[in-house]
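Residue numbers count from 1 along this sequence. Atom set for the values below is all heavy atoms of this structure, side chains included, hydrogens, waters and symmetry mates excluded.
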Amino acid sequence: MKNKVKFSIYSKIITVLVLILFVAGVIALLDNTRELPLFCIIMGGATITGLYFCPISIEADQSEIKLHRLLSHPKCFAYNDIQSVDMCYPSAGGLRLCGSGGFFGYWGYFNDIMIGTYLGYYGSRSECILIRLKNGKQYVLGCENAVAMANYIKHQICKPATN
């Protein structure tokens, strides 16, 4: 089962606005040869980082869950490392400790009063699943039809091992 990440309107607007501001900043600094290179480095670094961590899809097969991101290798979660899977709704008031709150989606390290501390990779807060690993780490992943994805993963976790 593979589902794309659904991006919220807010996330799309923030991404477009930031990119427009980057272009406007370059145009405004064209005559400033001292500050333009630094601005371009910051702009390029922020954009590449956003593209690197931007979640695009979640794939669950017989042995693991794969989080596909735009410019990086998939992040994999083996079923035998997973303690539980539940639906969740990250709060808008949660703390973003490091990462993005809308630029190319929501990704990074977050702290939420209901969920606790977690690594998040989602495009919209309304379609998320919470994966708790046996080592104590938590991940919030988002995709279209998150309920079906969570049910599929639960079924795979509860399946008896075949030898």
Visitor: Do the side chains of Ile48 and Trp107 join up, straight or via other hydrophobic residues, at under 4.5 Å, putting them in one cluster?
Guide: no

Visitor: Should Phe39 and Val26 be marked as a side-chain contact (heavy atoms from CB on, under 4.5 Å) after you check the CA-CA gap, both sets of side-chain angles, and the distance that decides it?
Guide: CA-CA 7 Å; Phe39 182 79; Val26 168; 3.8 Å; yes

Visitor: Are Leu29 and Ile42 connected into the same hydrophobic cluster when the rule is that any two of I, L, V, M, F, W, Y join if their side-chain heavy atoms are below 4.5 Å apart?
Guide: no

Visitor: Taking the side chain as everything from C-beta on, heavy atoms only, tell me whether Leu67 gets closer than 4.5 Å to Pro55.
Guide: yes

Visitor: Using a cut-off of 6.0 Å, state whether more than 12 heavy atoms not belonging to Ile113 lie near its atom CD1.
Guide: no

Visitor: Roughly how far apart are Cys98 SG and Leu119 CG, rounded to 0.5 Å?
Guide: 10.0 Å

Visitor: First locate atom OG1 of Thr117, then atom NZ of Lys137, and finally report the distance between them rounded to the nearest 0.5 Å.
Guide: 12.5 Å

Visitor: In terms of the angle between their ring planes, are Phe110 and Tyr118 parallel, tilted or perpendicular, with boundaries placed at 30° and 60°?
Guide: parallel

Visitor: Are Leu70 and Val18 connected in the hydrophobic side-chain network, where two residues link if heavy atoms are under 4.5 Å apart?
Guide: yes

Visitor: CD of Glu144 to CZ of Phe7: how many Å apart, nearest 0.5 Å?
Guide: 10.0 Å

Visitor: Is there a path from Val5 to Met87 through hydrophobic residues (I, L, V, M, F, W, Y) whose side chains come within less than 4.5 Å of each other?
Guide: no

Visitor: Can Ile58 and Lys66 be said to form a side-chain contact (heavy atoms from CB on, under 4.5 Å), step by step?
Guide: CA-CA 6 Å; Ile58 299 174; Lys66 291 181 185 173; over 6 Å; no

Visitor: Evaluate the side-chain proximity of Tyr106 to Val140: yes if any heavy-atom separation is below 4.5 Å, no if none is.
Guide: no

Visitor: Find out whether Asn111 and Leu97 are in side-chain contact, i.e. whether some heavy atom of one side chain is under 4.5 Å from a heavy atom of the other.
Guide: yes

Visitor: With heavy-atom distances below 4.5 Å as the criterion, would you say the side chains of Tyr122 and Glu127 are in contact?
Guide: no

Visitor: Enter the distance from Lys4:NZ to Asn145:CG here, rounded to the nearest 0.5 Å.
Guide: 14.0 Å

Visitor: Kindly indicate, with the supporting measurements, whether the criterion side-chain contact (heavy atoms from CB on, under 4.5 Å) is fulfilled by Cys54 and Tyr121.
Guide: CA-CA 7 Å; Cys54 177; Tyr121 298 95; over 6 Å; no

Visitor: Is there a side-chain contact between Lys75 and Arg69, using heavy atoms and a 4.5 Å cut-off?
Guide: yes

Visitor: So Gln156 and Gln62, do their side chains get closer than 4.5 Å, heavy atoms only?
Guide: yes

Visitor: Below 4.5 Å, heavy atoms only, C-beta onward: do Val85 and Leu130 meet side chain to side chain?
Guide: no

Visitor: Nearest 0.5 angstrom please: Tyr52 OH to Leu71 CG, how far?
Guide: 9.0 Å

Visitor: Is there a path from Ile82 to Val147 through hydrophobic residues (I, L, V, M, F, W, Y) whose side chains come within less than 4.5 Å of each other?
Guide: yes

Visitor: So Ser124 and Tyr10, do their side chains get closer than 4.5 Å, heavy atoms only?
Guide: no

Visitor: Flag yes if more than 12 heavy atoms outside Asn135 fall under 6.0 Å of its CG atom; otherwise flag no.
Guide: yes

Visitor: Is the backbone of Gly102 close enough, under 3.5 Å, to the side chain of Thr15 for a donor and an acceptor to pair up by distance?
Guide: yes

Visitor: Would you check, one step at a time, whether the test side-chain contact (heavy atoms from CB on, under 4.5 Å) holds for Ile115 with Gln138?
Guide: CA-CA 9 Å; Ile115 301 169; Gln138 299 187 115; 4.1 Å; yes

Visitor: Measure across Arg125 and Pro90 and return the closest heavy-atom pair with its distance rounded to 0.1 Å.
Guide: NH1-O, 2.9 Å

Visitor: Got a second to check how far Ile56's CD1 is from Phe104's CZ, nearest 0.5 Å?
Guide: 12.5 Å

Visitor: Step by step, work out the ring-ring contact (aromatic ring centres under 6.0 Å, His included) result for Phe77 and Tyr139.
Guide: CA-CA 10 Å; Phe77 306 93; Tyr139 290 86; 4.7 Å; yes

Visitor: Other residues, nucleotides and ligands only: do more than 12 of their heavy atoms fall within 6.0 Å of NZ on Lys154?
Guide: yes

Visitor: May I ask you to decide whether Asp86 forms a salt bridge with Arg132, counting only side-chain N to carboxylate O separations under 4.0 Å?
Guide: yes

